[in-house]
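One structure is given here, and the rest of the page talks about it.
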Amino acid sequence: MGCSGSTSANGDETVKKISKPKPWKHTEPITVEQLKQMRDEFWDTAPHYGGRKEIWDALRAAAEADLSLAQTIVDSAGIIVQKADLTICYDERGAKYELPKYVLSEPTNLVRGS
């Protein structure tokens, strides 16, 4: 009964469900504190390499949230997810945002404090 020109068969081309990154291993075991420092350094410098600050802020919030909240953040910010693990995203203007795995998940060889 709808318009003959409207289709929703492939309407999810730019909406990708976010998933956890695959397990990964750092080149050498690192502590929780070292991982936190690496993450802080990345987020502090990332906006200087291009893209919009509000998109970087949304990506940080999504990276630090659980999957369902991350999906909501990404969708509401208009972020186009190329890789479901958020390692490659674009904004609506086409600017590319690359996130290293260490800001998205912990390595398998993380050393926890005693």
Practice task
Check whether the side chains of Glu33 and Gln37 place a donor and an acceptor atom closer than 3.5 Å, and report yes or no.
Solution key: no
Practice task
Taking the side chain as every heavy atom from C-beta outward, state whether Leu110 and Thr31 have any atom pair closer than 4.5 Å.
Solution key: no
Fill in the blank from the handout: Here the gap from Gln34 atom CD to Arg39 atom CZ, rounded to the nearest 0.5 Å, amounts to 13.0 Å
Practice task
Could you give me the CA-CA distance, side-chain angles and deciding distance for Ile30 and Met38, then say whether side chain to side chain contact (heavy atoms under 4.5 Å, CB included) is met?
Solution key: CA-CA 10 Å; Ile30 60 171; Met38 288 169 58; 4.0 Å; yes
Problem - Ion pair check, Arg60 and Asp40, cut-off under 4.0 Å - result: yes
Practice task
Find out if a path of hydrophobic residues (ILVMFWY) with successive side-chain heavy-atom gaps under 4.5 Å connects Trp43 to Leu69.
Solution key: no
Problem - Charged N-O contact under 4.0 Å between Arg112 and Glu106 - result: yes
Exercise for the section: Would you give the length of the straight line joining atom CD of Glu64 to atom CG of Leu104, rounded to the nearest 0.5 angstrom? Expected result: 10.0 Å
Problem - Trp56 side-chain N/O to Gly50 backbone N/O, donor-acceptor pair under 3.5 Å - result: yes
Handout entry: Whether Thr108 side chain and Trp24 backbone form a donor-acceptor pair below 3.5 Å
Key = yes
Problem - Side-chain donor or acceptor of Asn109 paired with backbone N/O of Lys25 under 3.5 Å - result: no
Problem - Nearest atoms (heavy-atom pairs only) where Ala77 meets Ala58 - result: CB-CB, 3.8 Å
Handout entry: Minimum side-chain heavy-atom gap Arg52-Tyr97 below 4.5 Å
Key = yes
Problem - Atom of Ala70, atom of Ala62 and distance for their closest heavy-atom approach - result: CB-O, 3.3 Å
Practice task
Take His26 and Tyr102 through the test side chain to side chain contact (heavy atoms under 4.5 Å, CB included) and record every step on the way to the result.
Solution key: CA-CA 8 Å; His26 195 272; Tyr102 65 82; 5.7 Å; no
Exercise for the section: Quick one: closest heavy-atom pair of Pro29 and Val111, and the distance? Expected result: CB-CG2, 3.6 Å
Problem - Flag side-chain contact, heavy atom, 4.5 Å: Leu86 against Val81 - result: yes
Practice task
To the nearest 0.5 Å, tell me how far Lys101 NZ sits from Thr87 OG1.
Solution key: 7.0 Å
Exercise for the section: Working to the nearest 0.5 Å, report the span between CD1 of Ile88 and CD1 of Ile80. Expected result: 13.5 Å
Handout entry: Same cluster (ILVMFWY, side-chain, under 4.5 Å), Val103 and Ile73
Key = no
